[in-house]
Amino acid sequence: MTLLVTGGAGFIGSNFVLDRLSRSDERIVNLDLLTYAGNPANLAALAGDERHVLIKGDICDAALLERLFATERPRAVLHFAAESHVDRSIHGPGAFIRTNVDGTYTLLEAARAYVAGQDDAARTAFRFVHVSTDEVYGSLSPGEPAFNETRRYEPNSPYSASKAASDHLARAWHHTYGLPVIITNCSNNYGPYQFPEKLIPLMIVNALAGRALPVYGDGMQVRDWLYVGDHCAALARVLEAGRPGTVYNIGGCNEKPNLEIVHTLCALLDEMAPRADRSSHAQLITHVADRPGHDRRYAVDAGRIAAELGWQPAETFTSGIRKTVAWYLDNQAWVAAVQSGAYRDWVATNYEARGLNGGAA
Ligand code: NAD
Ligand code: TYD
């Protein structure tokens with residue numbers, strides 16, 4: 001048996017592949033374009049492991065996908081591949097439309113053609129798990145109930161709009177063609193191997209380097225944080241027992257304003273990596289210009305996946321964030337390796353525009 005994973009060299013995908021192969025011998029074919037966000041070093045522990053094959057390729061390449069399905073004959077697809085960073089989507093939305101919309105369409109079509117050639121049993125057993133985000137639902141006001149699966153889609157950023165479009169395609173391919181699609185919409189993840197352009201790793205990396213900690217606007221935007229290992233466990237349950245045609249929202253039940261997250265990270269770093277002069281990392285906090293169209297609050301109601309599939313997060317925020325800080329402290333060579341010229345260019349573009357002189361790097 002084989003799983004086809006797309007985007008398995010990125011943050012969540014690589015955590016999924018590593019976690020899965022620590023629990024199961026099922027072979028994984030990992031298709032990843034290795035963009036700036038995809039890093040084969042995330043999968044270094046699998047070097048020489050015949051259960052894992054990394055293929056550098058594009059989900060927009062229909063001929064490649066046709067060949068891959070024909071030769072690998074996967075029993076399921078876990079579709080992680082995407083352009084995933086809101087700020088980058090504001091600076092350059094085209095790549096998001098290409099990968100998230102065209103790429104998902106191309107992958108759905110390849111899966112549909114492959115499944116059509118299977119016998120009834122294989123067709124029924126096949127799964128296409130489309131990994132998506134809670135950001136498709138837009139922004140909540142204070143006190144509004146958390147997003148459940150019937151919430152209206154109101155995406156506000158080019159990123160969330162492109163993911164919303166991909167969700168609609170995935171839904172339609174189930175409804176119209178009977179492809180056994182399951183859609184998951186998850187809240188903000190954190191943990192090992194997250195590229196340091198996202199809030200939590202960016203703050204850790206900047207704090208260790210003594211650079212400014214750039215908080216957008218007033219820092220009171222709320223996200224629902226989930227440890228990446230818990231997201232991977234939820235996806236494993238969905239693959240195993242999820243119902244085709246169903247949407248499952250996944251969340252940490254852990255709403256926190258950004259400023260609180262940054263203060264928590266500073267306190268952990270004060271303890272685990274104190275500055276030479278013993279001053280707090282919190283003195284590096286700098287408020288910068290806000291993100292255009294910044295969503296104020298996300299929160300997920302994960303009641304359906306809890307009730308139907310018995311999933312709940314295993315990690316508390318206290319335990320997960322401490323593990324995460326420890327991982328970044330122990331893996332500074334990984335961080336240094338991903339801070340290429342392209343990374344520095346991005347940081348300068350994003351933060352100079354927000355009034356942080358010289359960027360955050
Ligand atoms: P990521 O940016 O770290 O990884 C994306 C991966 O996709 C990279 O390895 C990249 O090389 C690959 N990729 C990009 N374009 C490709 C293409 N055209 N063909 C093949 N591969 C391509 O993203 P992530 O944070 O790991 O997110 C994975 C998925 O989970 C995404 O679909 C994202 O929308 C979703 N998601 C992320 C979060 C989060 O907090 N990070 C939360 C909910 C949902
Ligand atoms: P991010 O990690 O980019 O995830 P998302 O936009 O998908 O939620 O950002 C999380 C929150 O942190 C979001 O409200 C924007 C904010 N943020 C900052 O305040 N400063 C930063 O430098 C970054 C990258 C994000």
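Along the sequence shown, the residues carry numbers beginning at 1. Start at 1 and go down the list; that is how both ligands and their atoms are numbered.
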Min heavy-atom dist [X] to ligand 1 below 4.0 Å:
X: F80; answer: yes
X: S132; answer: yes
X: T6; answer: no
X: G8; answer: no
X: S14; answer: no

Need the list: ligand 2 N/O atoms against protein N/O atoms, distance under 3.5 Å, rounded to one decimal.
| residue | atom | partner | partner atom | Å |
| --- | --- | --- | --- | --- |
| ligand 2 | 2 (O) | L199 | N | 2.9 |
| ligand 2 | 3 (O) | R291 | NH2 | 3.1 |
| ligand 2 | 4 (O) | N188 | ND2 | 3.4 |
| ligand 2 | 6 (O) | R291 | NH1 | 2.6 |
| ligand 2 | 6 (O) | R291 | NH2 | 3.1 |
| ligand 2 | 7 (O) | E135 | OE2 | 2.5 |
| ligand 2 | 8 (O) | N188 | ND2 | 2.9 |
| ligand 2 | 8 (O) | R223 | NE | 2.8 |
| ligand 2 | 12 (O) | N258 | ND2 | 3.3 |
| ligand 2 | 14 (O) | R223 | NH2 | 3.2 |
| ligand 2 | 14 (O) | N258 | ND2 | 2.8 |
| ligand 2 | 14 (O) | H294 | NE2 | 2.7 |
| ligand 2 | 19 (O) | Y216 | N | 2.9 |
| ligand 2 | 20 (N) | P214 | O | 2.7 |
| ligand 2 | 22 (O) | P214 | O | 3.3 |
| ligand 2 | 22 (O) | Y351 | OH | 2.6 |

Item to complete: Could you tell me the separation between the NZ atom of K163 and the OG atom of S157, rounded to the nearest 0.5 Å?
Response: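 Result: 11.5 Å between the selected atoms.
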
Can you list the ligand 1 atoms lying under 4.0 Å from a non-hydrogen atom of [X]?
X: S187; result: 42 (C), 43 (C)
X: C186; result: 42 (C), 43 (C)
X: S84; result: 1 (P), 2 (O), 23 (O)
X: L34; result: 11 (O)
X: D58; result: 17 (C), 18 (N), 19 (N)

So does [X] pair up with [Y], basic N to acidic O under 4.0 Å?
X: R98; Y: D58; answer: yes
X: R23; Y: D19; answer: yes
X: E144; Y: R297; answer: no
X: E26; Y: R75; answer: yes

Item to complete: Decide side-chain contact (heavy atoms from CB on, under 4.5 Å) for N185 and V131; before the verdict, give the C-alpha distance in whole Å, the side-chain angles of both, and the deciding distance to 0.1 Å.
Response: CA-CA 7 Å; N185 294 94; V131 181; over 6 Å; no

Item to complete: Ignoring hydrogens, just give me the one of N30, L33, D134 whose non-hydrogen atom is nearest atom 20 (C) of ligand 1.
Response: L33

Worksheet item: Between N249 and D301, is any side-chain donor less than 3.5 angstrom from a side-chain acceptor?
Response: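 Looking only at side-chain atoms, D301 and N249 do not form any donor-acceptor pair under 3.5 Å.
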
Worksheet item: Which part of F96 is near ligand 1, with near meaning a heavy atom under 4.0 Å away: side chain, backbone, both or neither?
Response: neither

Worksheet item: Is the ring centre of F128 less than 6.0 Å from the ring centre of W173?
Response: no

Discussion item. Minimum heavy-atom separation for R275 and G210, please, with both atom names.
Written reply: NH1-CA, 4.2 Å

Practice prompt. If a pair satisfies side-chain hydrogen bond (donor to acceptor under 3.5 Å, both in side chains) and one of its residues is in residues 62-73, list it, with sequence neighbours excluded.
Written response: R27-E72

